Amino acid sequence: MINCKVMNVIKTRVKILDIVIIFAVLSLTLFISYFVYMKPQGKPQVLIRGQDNEWIFPITTVETVFVPGPIGKTIVHLDGQKAWIESSPCYNQTCEAAGAVSKQGQWAACLPNNVLLIIQGAFLEDNDVDAVVW
């Protein structure tokens, strides 16, 4: 039979090793998640999607875009650093009150007029290769 002291040492080591392994797995999971989900996917671009059209501009563009919709024209303004819905024919003007967007993942929308303004990472060029191609 195994001595009682030896059994206590084995139980203690297993508990410590369990904790070390769990900590290592959690740390690795957080590390990988950060680089997969939090890393920007290229230079930011402004995507404006209307009822029938779509516009894509680099965030550095200075432009005013007139987006037609079912209730009229929505005016989207880009000033080289941020973009916002300047005016819209909707009745409650929530889209204008949303303010400017400038970081990847931020968005504003005029739902009554079917207009979406979103900042996202750069799209791949035709000659770029992504993981799906391989």
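Position 1 is the first residue of the sequence, and the numbers go up from there. Just so it is clear, the model here is predicted, and its values are computed rather than measured.
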Note, Pro44 side chain near Gln120 side chain (heavy atom, < 4.5 Å):
no
Please enumerate all residues that pass salt bridge (Lys or Arg N to Asp or Glu O under 4.0 Å) together with Lys73, with sequence neighbours excluded.
none
First locate atom SG of Cys110, then atom CD1 of Ile71, and finally report the distance between them rounded to the nearest 0.5 Å.
5.5 Å
Let me confirm one number: the CD-CD1 distance from Gln104 to Ile119, rounded to the nearest 0.5 Å.
9.0 Å
Which residues share a side-chain hydrogen bond (donor to acceptor under 3.5 Å, both in side chains) with Thr94, sequence neighbours left out
Asn92
Applying side-chain hydrogen bond (donor to acceptor under 3.5 Å, both in side chains), can you list everything that pairs with Thr64, at least two apart in sequence or on another chain?
His77
Pairs in or reaching into residues 59-72: which pass salt bridge (Lys or Arg N to Asp or Glu O under 4.0 Å), with residues at least two apart or in two chains?
none
Hey, could you give me the CG/CH2 distance between Leu78 and Trp84, rounded to the nearest 0.5 Å?
8.0 Å
Going by salt bridge (Lys or Arg N to Asp or Glu O under 4.0 Å), name the pairs with one or both residues in residues 85-94, residues two or more places apart or in two chains.
none
Please give me the minimum heavy-atom distance between Ala98 and Ala108, naming the atom from each residue.
CB-CB, 4.3 Å
Distance, nearest 0.5 Å, that separates OG1 of Thr60 from CD of Gln45:
9.5 Å
Cluster check Leu116, Val46: I/L/V/M/F/W/Y, side chain < 4.5 angstrom:
no
Partner set under side-chain hydrogen bond (donor to acceptor under 3.5 Å, both in side chains) for Thr74, not counting sequence neighbours:
Ser88, Asn113
Minimum-distance pair of heavy atoms, taken over all atoms of Ser102 and Ile59
O-CD1, 4.4 Å
